[in-house]
Amino acid sequence: MSLGAYIHIPFCNYKCHFCDFATSLALDELQDKYCSVLKNEIAKRLVNSPSKPQLGSIFYGGGTPGLLDAQNLYDIHQTLLANASLLPESEISLETTPETITVAKAKEWFSLGINRLSIGIESFNDYELKRVGRGHTSQQAVKAIKDAVKAGFTNISCDLMYGLPGQSLDIWQDSLNQFIKLAKQIPQITHISAYGLELNNNGPLARIFPQESGAYPSDETFVAQLNCLVKVLAEAGFEQYEISNFAKGDYRSKHNLNYWQDGEYHAFGVSAHRYIKPYRSSNWRILSRYLEDSLGDETCELIDSETQVKEAIMLGLRTTEGINLLQFEKAFAVNLALKHRDLIEDLIGCGVLRQEADNIRLTIAGQPIANTIIAKFF
Ligand code: SF4
């Protein structure tokens, strides 16, 4: 199991209506100060590590890390590399939005060592993009991918969203078809993350389109959208390896796999969550608080063996490999098949869980209700 590092860059050019991440529009005022605090946090936390961390993955997420000045990004990256070493073939990802990508900017990222771009495209329907507050068009998304390729990137992941207000199955299929057409022309598109909308009832999207407004796809349409996604991507050579993630060949995200396989990861920046056993902890979510106290915890939880078992069930069932019952028992001294025999039989009977030899995994019918199924094990 390798060690990951997550660096949160909160700045965005706009606030998307569905977004629940810690973001800030104050790039011009706060960029330099934030980067200076962040570098200090990275150095101080890593200096306190018992040994120099060896990283298998680094993820610059946000926010929109692509908005940072090249010098600031360089300085942050160098601070990290001065205090940790990189394993061979480490995955170094940067998340950004289409309108921030130019060939020149992407070349700077590439020369820094970033070897994977994660681009938030969300939809190929311009009306839909506007409806959810995105600040780019589908044409800009296509150009961004082509510019990233021109700059040298060979590992590009695209984000899409379904379950959006006003998104019929046809509109979703059309977005997917446009993505597939592009992916066939551009083999450097190796990965897709496709998320079903989880509506935050206190967020702007719920204020514009309340849950009961009838704007959202029905449960049946939502399930049909997921089914369509899995089918269309499989036909195009993208294998599903987690409910929301699909990859060609060996291009599964190392950083995300580390999360799902109970790996440890450092985390830096406002609201960043880390897992260095046996503690999970997170930084302050409010930016001003983080800037004053970058080493302070907003949350800190000791992960005891009971919590570990719960997390292993939750993470395992989200992956398409599912849970290997024998390995699970070996790792946690819990015989799941025995402990949850009736539940497992019920779920298999309902067609939402499948058992093959010693593995249990969600079926395609179980995936849209993964959280409900997982909760039954607790
Ligand atoms: S660009 Fe990304 S991080 Fe920024 S507001 Fe939109 S969804 Fe959130």
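Since we're looking at a predicted model, the values are computed, not measured.
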Original post:
Transitive ILVMFWY cluster of Val132 at side-chain heavy atoms under 4.5 Å: who else is in it?
Top reply: Phe18, Met161, Leu164, Leu197, Leu199, Leu205, Ile208, Phe209, Tyr216

**OP:** List in chain and number order the residues that pass side-chain hydrogen bond (donor to acceptor under 3.5 Å, both in side chains) with Tyr251, two or more places apart in sequence or in another chain; answer none if no residue qualifies.
**Re:** none

**OP:** Flag the pair His255 / Tyr265 as yes when their ring centroid distance falls below 6.0 Å, and as no otherwise.
**Re:** no

**OP:** Give, for atom OG1 of Thr64 and atom OH of Tyr14, the distance between the pair rounded to the nearest 0.5 Å.
**Re:** 6.5 Å

Original post:
Tell me, do Pro217 and Gln225 make a side-chain contact under 4.5 Å, heavy atoms counted?
Top reply: yes

Original post:
What are the two closest non-hydrogen atoms of Gly63 and Thr23, and how far apart are they?
Top reply: N-CG2, 3.9 Å

Original post:
Below 4.5 Å, heavy atoms only, C-beta onward: do Leu233 and Leu229 meet side chain to side chain?
Top reply: yes

**OP:** Please examine the side chains of Asn283 and Arg45, heavy atoms only from C-beta on, and report whether any two atoms are closer than 4.5 Å.
**Re:** yes

**OP:** Using atom types as modelled and distance alone, determine if a side-chain donor or acceptor of Asn177 lies under 3.5 Å from a backbone N or O of Gln173.
**Re:** yes

Original post:
Between Val223 and Ile364, is any pair of side-chain heavy atoms under 4.5 Å apart?
Top reply: no

Original post:
Looking at the rings of Phe222 and Tyr162, which for Trp means the six-membered one, are their centres under 6.0 Å apart?
Top reply: yes

Subject >> Closest heavy-atom pair and its distance - Ala148, Ile156 >> reply: CB-CD1, 3.9 Å

Original post:
Do Glu239 side-chain atoms and Ala247 backbone N/O form a donor-acceptor pair below 3.5 Å?
Top reply: no

Original post:
Do the side chains of Arg280 and Glu311 get nearer than 4.5 Å, heavy atoms only?
Top reply: yes

Subject >> Closest heavy-atom pair and its distance - Ala267, Glu41 >> reply: O-OE2, 3.7 Å

Original post:
Is it the case that Asp126 and Thr137 place a side-chain donor and acceptor less than 3.5 Å from each other?
Top reply: no

Original post:
Of Tyr241, Phe246, Phe153, which is the lone residue that meets ring-ring contact (aromatic ring centres under 6.0 Å, His included) with His191?
Top reply: Tyr241

Original post:
Should Arg274 and Glu264 count as an ion pair when the cut-off is N to O under 4.0 Å?
Top reply: no

Original post:
Roughly how far apart are Phe59 CZ and Ile114 CD1, rounded to 0.5 Å?
Top reply: 10.5 Å

Subject >> Test item: Asp304 side-chain N/O and Thr307 main-chain N/O as donor-acceptor pair under 3.5 Å >> reply: yes

**OP:** Decide yes or no for Phe179 and Val232: does some side-chain heavy atom of the first lie under 4.5 Å from some side-chain heavy atom of the second?
**Re:** no

Subject >> Shortest non-hydrogen separation from Arg318 to Ser244 and the atoms involved >> reply: NH2-OG, 3.8 Å

Subject >> Test: Glu128 and Arg134 ion pair at under 4.0 Å >> reply: no

**OP:** Answer yes or no: is there a side-chain heavy-atom contact under 4.5 Å between Asn258 and Lys254?
**Re:** no

Original post:
Taking 4.0 angstrom as the limit, do Glu321 and Arg252 come out as a salt bridge?
Top reply: yes

Original post:
Which atom names give the shortest non-hydrogen contact between Ile92 and Asn115, and what distance separates them?
Top reply: N-OD1, 2.7 Å

Original post:
Considering all heavy atoms of both residues, which atom of Leu347 and which atom of Lys376 are nearest to each other, and what is their separation?
Top reply: CD2-CD, 4.3 Å

Original post:
Does Asp147 pair with Lys105 as a salt bridge, N-O distance under 4.0 Å?
Top reply: no

Original post:
Is there side-chain contact between Ser193 and Ser157, with heavy atoms separated by less than 4.5 Å?
Top reply: yes

**OP:** Please report the C-alpha distance between Tyr60 and His77 in whole Å, then the side-chain angles of each, then the deciding distance to 0.1 Å, and finally whether the ring-ring contact (aromatic ring centres under 6.0 Å, His included) criterion is met.
**Re:** CA-CA 10 Å; Tyr60 288 96; His77 199 57; 5.7 Å; yes

Original post:
Do Thr299 and Ser282 meet the criterion of a side-chain donor-acceptor pair at a distance under 3.5 Å?
Top reply: yes

Original post:
Can you check ring-ring contact (aromatic ring centres under 6.0 Å, His included) on Tyr34 and Phe11, steps first, answer last?
Top reply: CA-CA 10 Å; Tyr34 183 81; Phe11 303 110; 5.5 Å; yes

**OP:** Would you please classify the geometry between the His340 ring and the Phe377 ring as parallel, tilted or perpendicular, with 30° and 60° separating the classes?
**Re:** perpendicular

